[in-house]
Amino acid sequence: MSNAPATTPLPPQYDPASTEATLYKEWLDAGIFTADPGHSRRTGGDREPFVIVMPPPNVTAVLHMGHGLNNTVQDVVIRWRRMCGDEALWVPGTDHAGIATQNVVEKQIAAEGKTRFDMGREAFVARTTEFVTETGGTILEQLKAIGSSCDWTRTAYTLSPELSKAVREAFVQLHERGLIYRGHRVIHWCSRCLTSLSDEEAEHSEETGALYHVRYPLTDGSASITIATTRPETMLADVAVAVHPDDERYKHLIGKTLSLPIANVEIPIIADAEGVDPEFGTGAVKITPAHDANDFEMGTRHELPMPVILSPEGLMANGIDAGARVPAELLGIDRFEARERVVQMLKHLNVLEKIEPYTHAVRHCYRCDTVVEPRLSDQWFVKMKPLAEPALQAVRDRKIRILPERWEAVYVNWLEGIRDWNISRQLWWGHRIPVWYCDSCGEVTVSRDDISSCPKCGGKARQDEDVLDTWFSSWLWPFSTLGWPNTESIDLKAFYPTDDLITAPEILFFWVARMIMGGFGFMGEAPFQTVMLTGTVRDMNHVKMSKSLGNGIDPLDVIKLFGTDALRYTVIAGLGMGADVMLDPNDLEKSFAPGRNFVTKLWNIGRFLLTNVGEETVQPLSTISPDRLRRSDRWILHRLNEAIAECDSALGPARPRNGVWEESELRSGLRLSEYTEAARRFVWNELADWYLESTKVRLAADGDDRDVARSVLAHCFDAALRLLQPIVPFITETLWSRLPVATENRGAFIAVAHWPAKNDGFATELEFELVREAINAVRQLRADYSLPPGERIHAHLDASASGSNASRDRTVFDEESDFIARITRCDISTNGGSSEAGASILLSSGSKIIVPLAGVIDLEKECKKAKTELEKLHTQLTALEGRLANPGFTDRAPANVVAAERQKLTEWTARREQLSQKVIQLCG
RNA sequence: GGGCGAGUAGCUCAGUUGGUUAGAGCGCCUGCCUUACACGCAGGAUGUCGGGGGUUCGAGUCCCUCCUCGCUCACCA
């Protein structure tokens with residue numbers, strides 16, 4: 001890209017389609033997104049590193065609005081830091097997504113009439129690998145389309161050889177530290193995916209079921225106990241009925257035996273204070289240790305047998321210890337069908353007392369939504385308590401902040417009650433557990449390297465069949481992507497710890513909390529200093545967008561229609577901190593209008609500038625002597641300073657000062673919608689609406705002043721483009737490359753240009769504010785009196801009441817008369833008579849704008865309007881006077897507040913005086 | 001059931017340690033094709049700040065209470 005001014009004028013319409021792909025390629029070719037570890041201060045360089053690791057999308061994922069939103073946020077932040085001079089690194093990558101990917105491939109082969117078991121493990125993994133290689137990573141290409149400025153030379157993949165090594169290292173280290181153990185207990189089992197799940201992967205959802213009351217008769221026939229259950233089919237695996245030891249209803253029955261209907265086995269009545277709430281149901285609990293986590297605990301306490309009556313597929317079966325509990329007619333029946341049948345059988349046996357409707361939370365597989373079955377099995381677990389401690393402490397000590405704040409409480413709450421993490425999955429797609437068993441001597445070996453023979457007896461070593469939870473690789477992401485476990489890795493030294501972690505709240509526990517634990521656990525340091533949780537994209541009914549619900553928006557459709565920048569601007573501008581973004585999938589035109597309109601506006605400002613400023617090089621503002629600046633120049637330069645300050649303040653400090661967030665900065669920054677609004681207001685409402693209009697007269701004339709206007713205009717637009725680059729990188733790059741400003745201080749791309757800095761030389765420009773006031777006044781008068789917009793009108797300035805400002809006011813209006821006349825079609829003379837009748841508006845300087853309007857004014861209407869206004873003012877003034885007369889207020893309120901009120905009193909009193917004169921004049 | 005949060009203009013949300021005419025964007029109404037832009041320009045309307053009570057000279061802001069939503073965790077069978 002060249003800095004030479006354009007030789008062809010800008011086309012009237014911005015065409016994103018023809019520019020975006022080319023531009024993106026130019027950025028890539030120039031390597032501006034590639035970070036250099038040598039530049040990082042941590043490795044002796046002179047730049048602060050600023051690092052974001054991308055939440056890796058599933059390798060099979062296709063871009064949706066959620067990705068669009070989340071990655072745009074990350075890109076805005078990283079582009080901002082890059083311009084600020086940080087060595088900015090955004091690490092992209094994908095997740096192999098164990099269960100999710102396996103499910104996709106299983107579906108494919110199911111269509112061919114096969115199962116993975118028909119294929120065998122090796123062939124299935126090969127097939128999945130092939131699938132992932134061919135179609136996977138599509139999403140990364142799509143992320144390029146939304147402008148993501150990732151360092152693609154560092155693209156990572158959780159199942160790559162490098163990251164697999166990290167996974168194995170992590171497992172072995174935890175094992176060495178005694179934090180990994182094999183447990184035999186009831187876990188969540190998905191009978192469709194045929195794997196165990198972690199607590200987080202088994203999601204609760206409220207369901208209306210039934211509470212079945214079943215009578216179990218005593219074996220001696222003397223009495224019976226009624227139990228309540230939501231899962232009657234599991235009664236076949238009951239091994240006892242527990243009651244509270246102090247429960248008077250049942251005390252005398254403890255120790256006796258019951259005859260379990262259908263299964264026809266004898267089970268004892270036991271007492272358990274911990275596991276039984278006498279208030280609930282009938283106060284008697286059936287104990288099914290193999291199919292309920294709570295019952296498993298009680299079963300363990302009382303050393304009860306644990307018969308299994310369900311197959312892994314969720315079919316009724318006589319498993320371990322079950323004997324012949326499941327009768328022949330139920331064998332092989334699905335658990336839900338079996339529930340119906342058991343209920344029927346209980347009815348026939350006349351032991352079903354009643355069925356109550358009952359709402360309770362049922363766990364579902366987060367991947368296939370199948371109802372999860374509690375199931376007794378052997379799994380590998382990570383002991384989480386020791387890992388959670390530093391993760392909790394880091395947030396309490398403000399080493400890590402979570403935005404928005406409310407999620408911190410959720411985070412703390414979860415970590416305080418953390419339970420051990422089941423990390424083994426009975427899947428084929430993933431990192432195989434690095435544990436080997438020796439069938440000869442029973443030795444269990446945990447190893448970094450594959451082994452084929454037992455290190456103890458030399459017998460054949462057999463690797464554990466299971467793979468690790470996909471999140472076991474994810475929680476290492478902030479350092480595994482930087483080279484860990486090679487602690488000498490230059491990337492690791494230069495870029496760890498990272499800075500911001502930007503993701504959706506759904507994976508706060510799955511991923512974010514575990515990454516923090518992993519960061520401390522393996523690196524001894526927090527993996528990042530800020531967690532920013534973005535909102536959710538929803539439709540107009542506040543329903544979360546999803547492909548399955550059909551209410552999604554394809555970001556690529558939006559890009560095709562309105563361009564990437566319009567998409568980015570719309571989502572960023574609409575995204576309050578942690579707030580959801582509502583978009584209408586049925587009306588893209590309306591949903592993305594803010595972005596499209598803004599981009600068009602920017603384009604047109606650029607067109608005006610390039611046409612009217614001309615193509616000869618503009619002198620840098622620094623070469624313009626301050627005394628050549630006019631009041632409008634000083635005004636816009638001051639507004640620019642304010643805009644820069646507002647953007648900086650909204651974006652906030654990039655990092656904590658000494659590794660710990662100070663209270664005052666803890667909740668500041670990353671308010672992207674505020675930053676966007678500040679930049680928008682400057683470029684649209686100030687630069688375009690006022691300053692640009694004011695330069696039209698100057699640019700049309702020849703002479704020195706034309707060069708001043710050109711310099712200021714170009715300077716301001718240049719700065720505006722820089723402020724906007726992170727949000728709308730493509731159009732700003734396109735326009736910036738054509739700006740005819742001197743080449744000094746410019747790199748090749750705005751994407752790596754310097755972030756604008758405040759220049760404190762420009763104080764508030766009061767004179768130009770006066771001009772704006774006058775213009776607004778004339779506009780209002782024209783609207784109030786319904787004067788045709790095209791009609792040329794005359795007015796005069798009455799400066800007689802403005803005291804010492806009178807001559808200044810007259811000078812200002814004389815000098816700005818061309819501009820005022822052009823913009824309002826109203827000529828203001830400064831030497832007219834002061835007593836002339838007409839509509840008037842008072843300016844803050846005390847001068848008055850008077851439009852002679854004899855004959856045009858509807859006196860009656862005006863009179864009424866003025867009277868209403870006067871009344872309102874009078875009421876407020878009375879209140880104000882009362883307040884100031886109240887010693888309670890004047891004595892206790894802060895002095896500055898009282899002073900402000902006094903000031904107001906003076907102003908209002910003057911205005912009331914003026915208004916009453918007006919009323920007299922109008923109403924007679 | 002535990003924890004947390006929210007209820008401010010038709011919609012989405014700002015409102016900093018209480019300070020007195022409550023703001024923005026979008027939408028809506030009116031008028032304008034003013035030679036960068038109708039994806040634009042100018043003007044305008046709109047709120048018992050969820051209800052009730054309290055503290056205070058003063059409450060959208062602090063306290064209590066009620067109502068309504070939302071998020072999150074959870075082995076009451």
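A, B, ... follow the sequence lines: proteins, then strands. Residue 1 opens every chain. Quantities reported herein were computed from a predicted structural model and do not represent experimental measurements.
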Qualifying residues under salt bridge (charged side-chain N to carboxylate O under 4.0 Å, His left out), relative to [X], sequence neighbours excluded:
X: A:R301; answer: A:D272, A:E274
X: A:R681; answer: A:E646, A:E677
X: A:D539; answer: none

- Message: Base of B:rC39, side chain of A:K601 - is there a donor-acceptor contact under 3.5 Å?
- Response: no
- Counting any heavy atom closer than 4.0 Å, what does A:L692 reach on the DNA or RNA strands: base, sugar-phosphate only, or nothing? base
- Item | N/O donor-acceptor pair under 3.5 Å between A:E206 side chain and A:H360 backbone | no
For nucleotides 8-12 of chain B, give me every protein contact, N/O to N/O, under 3.5 Å, one pair per line with atom names.
| unit_1 | atom_1 | unit_2 | atom_2 | d |
| --- | --- | --- | --- | --- |
| B:rU12 | OP1 | A:H542 | NE2 | 3.0 |

Detail all sub-3.5 Å separations between protein N/O atoms and N/O atoms belonging to nucleotides 23-27 of chain B.
none

What residues form a side chain to side chain contact (heavy atoms under 4.5 Å, CB included) with [X], not counting sequence neighbours?
X: A:R772; result: A:W635, A:W690, A:F768, A:E769
X: A:A783; result: none
X: A:I507; result: A:W471, A:T503, A:F510, A:W511
X: A:A391; result: A:Y411, A:L415, A:I516, A:M517

- Query: Quick one: stems for RNA chain B, with Watson-Crick or G-U pairs under 3.5 Å, at least three in a row?
  - Reply: B:1-7 with B:67-73, B:10-13 with B:23-26, B:28-32 with B:40-44, B:50-54 with B:62-66
Let me have the donor-acceptor pairs involving side chains of residues 595-602 of chain A, under 3.5 Å, with sequence neighbours excluded, atom names and distances please.
| unit_1 | atom_1 | unit_2 | atom_2 | d |
| --- | --- | --- | --- | --- |
| A:R596 | NH1 | A:E589 | OE2 | 2.7 |
| A:N597 | ND2 | A:A593 | O | 3.4 |
| A:T600 | OG1 | A:R596 | O | 2.8 |

- Quick one, give me the B/S/- string for nucleotides 70-77 of chain B, reading 5' to 3', where B means a protein heavy atom under 4.0 Å from the base and S means that only happens at the primed atoms, P, OP1 or OP2. -SSSBBBB
